[in-house]
Asks: 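Please find one structure pasted underneath; my questions will follow.
Being a predicted model, the structure only gives us computed values, none of them experimental.
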Amino acid sequence: MMDREIPFRFEVTNSASQLLSEHSDLTEGGSSGKTVSVAGRLMLRRDQGKIVFGVLQDSTERIQLFASEKNTPDFEIFSNLHLGDWLGVTGEVIKTKRGEISVRVDSWVLLAEAKRSFPDKWHGISDTDIRYRQRYVDLWVTEESRETFRTRSRIISLIRNWLENRDFMEVETPVFHPIPGGAAARPFETHHNALDIDLFLRIAPELYLKRLVVGGFEKVFEMARVFRNEGISTRHNPEFTMLELYEAYADYEDIMRLVEDLVSELALEICGSTVIQYDGRELDLSTPWERSSMLDLLNEKIQTNINLQTPIEELRKLCGDLSVPFKDHYGSGKLILELYEKTTEPELWGPIFVTDYPQEVSPLSRAHRSSPDLVERFEAIVAGRELCNAFSEVVDPDDQRSRFAAQEKSRDAGDEEAMVVDEDYLRALEYGLPPTGGLGIGIDRLIMILTDTQAIRDVILFPTLRPEQE
RNA sequence: GCGCCUCUAGCUCAAUUGGCAGAGCAUUUGACUCUUAAUCAACAGGUUCCGGGUUCAAGUCCCGGGGGGCGUACCA
């Protein structure tokens, strides 16, 4: 088929799903008297000699095509179409003698030829390499995959509407950062030629979003693609989507209520219930979620009574006893966090808000109002994984400066992920940041939970892979 | 990075202790006027991921490399 024979456009009047629902009352062998145009890919073909049945798949559904030597122009060519070919078909909606709603092929046009062979029409594609590398094939062949990505799109749209209804404003902040900030992670580096400067792809939009609160935008959010130069796993992709939001005059307890409301409403909308299944296990997202402090959970789990006043030697010994690896430059806060992450967090299923982390490991979180060696920070554990990280923000520039200084120290001690001082951010704080609650949610992980998928690659259209070799 | 598993036709999968590389679907050709993964008949389709080695003989065993998966580490 020559390129010049492929039309430049085709007027579609109905989707397959529309036709199926609108004509469900047709009787067997009956016709609707209604002529429609549909388009899509030919998925199956059953050649009967003088009649041919086809199955056309568009973005909504599959509908049967009914072609006959009598009715269908170029019948011989039609009956030799390849699976995977794109067709535009015009004809009357009928129901066959066997009760299948069909479009009678009164005229048709080839819209694209599938020059590569169709995957197995029954088994589809099971090779994950092909599913991830050639997502176009996966989407065309695998209905569950199409459904997951439709749901992803809906979830993001629902989140956006939900936030806008609460007067949050969506903003876009730079992807190139002169100083990587807002999280502890290794960044990707790049270079701008005209300015002759090194830049980093953002690891979090946090510091820019808080600058906007300083500027007077009291409720802002960003669906931020962020980049972290780290390992790849079923829960990690080097680029992923993080929702960050900041709300002036709010604290971390307000943010907890926001998170549980948002997630439970999404579950209701997407799954039809706030009680859902994940990985064969029940997950009850109904509000309110459990709240428990990190130290309480840890002490209960390992039957101790430690806190930040506990002598560091004792904490190190405890790490040794529980075979939790640590480094010499770890302070008490970091040791406690390691203990929690290795012994306690893996057992949590959630949903639960784990609150009040050590200051040492939370350089952007404000000191706790009633126990100043802790900070007002929480992580939500949902279906056994960290879903979000949030806190009452540090608002005092002097406090923030000394937090950065502490980070510098641990960077010097060998922590490559410690934060770097951002003088412009400090300058912004000097102009005044009101009390502010902030939140980061891993959107891909949230989508995994709501779609009951076990690998982050199943919810990212084009996950990062090693390039194919010649 | 480390450990385990895996790679055979376009796709999905076979191949006994090391003994002639096979099937279904797709493709090609033919038959068939209501099929539903249509059916039936026939043809064709291979660097068994790559490179070495052992052996009379390697898809199979050994070594090295590559892709993929899982686990682990890293990811506050």
Asks: Please state whether the phosphate of C11(B), meaning OP1 or OP2, lies under 4.0 angstrom from any side-chain nitrogen or oxygen of S117(A).
Replies: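 False: S117(A) side-chain N/O out of range (4.0 Å or more) of C11(B) OP1/OP2.
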
Asks: Expressed in whole Å, how much space separates the C1' atoms belonging to G10(B) and U17(B)?
Replies: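 Comparing C1' positions in G10(B) and U17(B) gives a spacing of 34 Å.
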
Asks: Expressed as a whole number of Å, how far does the P atom of G64(B) sit from that of G71(B)?
Replies: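 Pairwise P distance, G64(B) against G71(B), rounds to 25 Å.
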
Asks: Kindly check if the number of other-residue, nucleotide or ligand heavy atoms within 6.0 Å of CG (D321(A)) is above 12?
Replies: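 Check passes, neighbour count above 12.
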
Asks: Would you say L429(A) and V395(A) make side-chain contact, with heavy atoms under 4.5 Å?
Replies: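 No; the side chains remain at least 4.5 Å from each other.
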
Asks: Measure from the ring centre of W122(A) to the centre of the six-membered ring in the base of A37(B), then say whether that distance is under 5.5 Å and the planes meet at under 30°.
Replies: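 Whether judged by distance or by angle, W122(A) passes, so it stacks on the base of A37(B).
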
Asks: Given the ring of Y330(A), does K334(A) sit roughly above its face, with NZ or CZ under 6.0 Å from the centre of the six-membered ring and within 45° of the axis?
Replies: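 K334(A) over Y330(A) ring: yes.
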
Asks: Is there a side-chain contact between I203(A) and V226(A), using heavy atoms and a 4.5 Å cut-off?
Replies: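 No; the side chains remain at least 4.5 Å from each other.
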
Asks: When the ring planes of F378(A) and Y252(A) are compared, do they come out parallel, tilted or perpendicular, using 30° and 60° as the limits?
Replies: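 Rings of F378(A) and Y252(A): tilted, 30 to 60°.
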
Asks: Give the residues of residues 83-95 of chain A touching RNA chain B, defined as any heavy atom closer than 4.0 Å, sorted by residue number.
Replies: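 Of all residues in residues 83-95 of chain A, the ones placing a heavy atom under 4.0 Å from RNA chain B are L83(A).
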
Asks: Say you pick atom C1' in U54(B) and the same atom in A73(B); how far apart are they, in whole Å?
Replies: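 Here U54(B) and A73(B) have their C1' atoms 37 Å from each other.
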
Asks: Just the rounded figure in Å: distance from C1' of C25(B) to CD1 of I125(A).
Replies: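 Going from I125(A) (CD1) to C25(B) (C1'), I get 12 Å.
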
Asks: Name the closest nucleotide to the K121(A) side chain, picking from G67(B), A37(B), U12(B).
Replies: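 Looking only at side-chain atoms, K121(A) lies closest to A37(B).
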
Asks: Under 4.0 Å from OP1 or OP2 of U28(B): is there any side-chain N or O of H82(A) that close?
Replies: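 Looking at the OP1 and OP2 atoms of U28(B), one of them is under 4.0 Å from a side-chain N or O of H82(A).
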
Asks: According to side-chain contact (heavy atoms from CB on, under 4.5 Å), who are the partners of P119(A), at least two apart in sequence or on a separate chain?
Replies: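 Only I125(A), V137(A), W140(A), V141(A) meet the side-chain contact (heavy atoms from CB on, under 4.5 Å) criterion with P119(A).
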
Asks: So with a 6.0 Å cut-off around CD of E28(A), is the heavy-atom count from everything else above 12?
Replies: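 Enclosed: over 12 neighbouring heavy atoms sit under 6.0 Å from CD of E28(A).
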
Asks: Can you confirm whether Q454(A) is buried at CD, in the sense that more than 12 heavy atoms of other residues, nucleotides or ligands lie under 6.0 Å from that atom?
Replies: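 Count over threshold, so yes.
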
Asks: Round to a whole Å and report the spacing from CG of L465(A) to P of G66(B).
Replies: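 One finds 17 Å between P of G66(B) and CG of L465(A), rounded.
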
Asks: Does the protein touch nucleotides 70-76 of chain B at the base, only the backbone, or not at all? Give it as B, S and - per nucleotide, heavy atoms under 4.0 Å.
Replies: SS--BBB

Asks: Are R377(A) and V361(A) side-chain neighbours, meaning at least one heavy-atom pair lies under 4.5 Å?
Replies: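 R377(A) reaches V361(A) side chain to side chain.
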
Asks: Rounded off to whole Å, could you give me the NE2-to-C1' distance for the H123(A) and A14(B) pair?
Replies: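 For the pair H123(A) NE2 and A14(B) C1', the rounded distance is 13 Å.
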
Asks: Using only side-chain N and O atoms of R466(A), determine if any of them is under 4.0 Å from OP1 or OP2 of G66(B).
Replies: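 For G66(B), OP1/OP2 do not have a side-chain N/O of R466(A) under 4.0 Å.
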
Asks: According to side-chain hydrogen bond (donor to acceptor under 3.5 Å, both in side chains), does anything in residues 178-190 of chain A pair up with another residue at least two apart or in another chain? List the pairs.
Replies: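 As it turns out, there is no side-chain hydrogen bond (donor to acceptor under 3.5 Å, both in side chains) pair with a partner in residues 178-190 of chain A once direct neighbours are skipped.
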
Asks: Kindly state whether the ring of F188(A) and the ring of F200(A) have centres lying under 6.0 angstrom apart.
Replies: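 No, they do not, as the ring centres are separated by 6.0 Å or more.
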
Asks: Toss me the dot-bracket line for RNA chain B: Watson-Crick and G-U wobble, both under 3.5 Å, 5' to 3', using | for pairs to another strand and [ ] for crossers.
Replies: (((((((..((((.....[..))))..((((.......))))......(((((..]....))))))))))))....

Asks: Can you tell me, in whole Å, how much space there is between the P of U8(B) and that of G46(B)?
Replies: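 Result for the P pair: 15 Å, nearest Å.
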
Asks: Could you give the CD-to-C1' distance, from E143(A) to A37(B), as a whole number of Å?
Replies: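 Value for this atom pair: 16 Å.
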
Asks: With P as the reference atom in both, quote the distance from C2(B) to A15(B) in angstrom, rounded to an integer.
Replies: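 Their P atoms lie roughly 32 Å apart.
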
Asks: CG of D138(A) versus C1' of U12(B): gap in Å, rounded?
Replies: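 Computing the D138(A):CG to U12(B):C1' distance gives 15 Å.
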
Asks: W140(A) CH2 to C11(B) P: how many Å, rounded?
Replies: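 Distance, rounded to whole Å: 12 Å.
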
Asks: Please confirm whether R401(A) makes a cation-pi placement over F404(A), using NZ or CZ under 6.0 Å from the six-membered ring centre and within 45° of the ring normal.
Replies: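 No, R401(A) does not sit over the ring of F404(A).
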
Asks: Side-chain contact, heavy-atom cut-off 4.5 Å: T453(A) with E144(A)?
Replies: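 T453(A) does not reach E144(A) side chain to side chain.
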
Asks: Provide the distance between the two P atoms, one in C49(B) and one in A14(B), to the nearest whole Å.
Replies: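 14 Å, rounded to whole Å.
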
Asks: Ignoring hydrogens and angles, answer whether the base of G68(B) and the side-chain atoms of D127(A) contain a donor-acceptor pair closer than 3.5 Å.
Replies: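 Donor-acceptor pair under 3.5 Å: no.
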
Asks: In whole angstrom, give me the gap between the C1' atoms of U27(B) and G67(B).
Replies: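 The same atom, C1', in both gives a distance of 27 Å.
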
Asks: Surrounding NZ of K301(A) (heavy atoms of other residues, nucleotides or ligands, distance under 6.0 Å), is the total greater than 12?
Replies: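 For K301(A), atom NZ is not crowded (no more than 12 foreign heavy atoms under 6.0 Å).
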
Asks: Measure the acute angle between the ring planes of F78(A) and W108(A), then classify it against the limits of 30° and 60° as parallel, tilted or perpendicular.
Replies: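 If you compare the ring of F78(A) with that of W108(A), the planes turn out perpendicular.
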
Asks: Could you tell me how far C62(B) sits from U55(B) if I compare only their C1' atoms? Round to whole Å.
Replies: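 It comes out at 12 Å once rounded to the nearest Å.
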
Asks: Mind listing the residues from residues 43-74 of chain A sitting with a heavy atom below 4.0 Å of RNA chain B? Number order is fine.
Replies: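 When residues 43-74 of chain A is checked for heavy atoms under 4.0 Å from RNA chain B, the hits, listed by number, are L44(A), R45(A), R46(A), D47(A), Q48(A), G49(A), K50(A), I51(A), F53(A), Q64(A), F66(A).
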
Asks: Send over the distance from I130(A) CD1 to G67(B) P, rounded to a whole Å.
Replies: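 In whole Å, G67(B) P lies 17 Å from I130(A) CD1.
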
Asks: Could you state the CG-C1' distance from D129(A) to G68(B), rounded to the nearest angstrom?
Replies: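 In whole Å, G68(B) C1' lies 5 Å from D129(A) CG.
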
Asks: Could you check whether G29(A) gets within reach of a base, just the sugar-phosphate, or nothing at all, counting any heavy atom under 4.0 Å?
Replies: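 No contact at all - G29(A) keeps every heavy atom at 4.0 Å or more from the nucleic acid.
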
Asks: Could you tell me whether the side chain of M294(A) reaches within less than 4.5 Å of the side chain of I336(A), counting heavy atoms only?
Replies: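 Yes; the side chains approach each other to less than 4.5 Å.
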
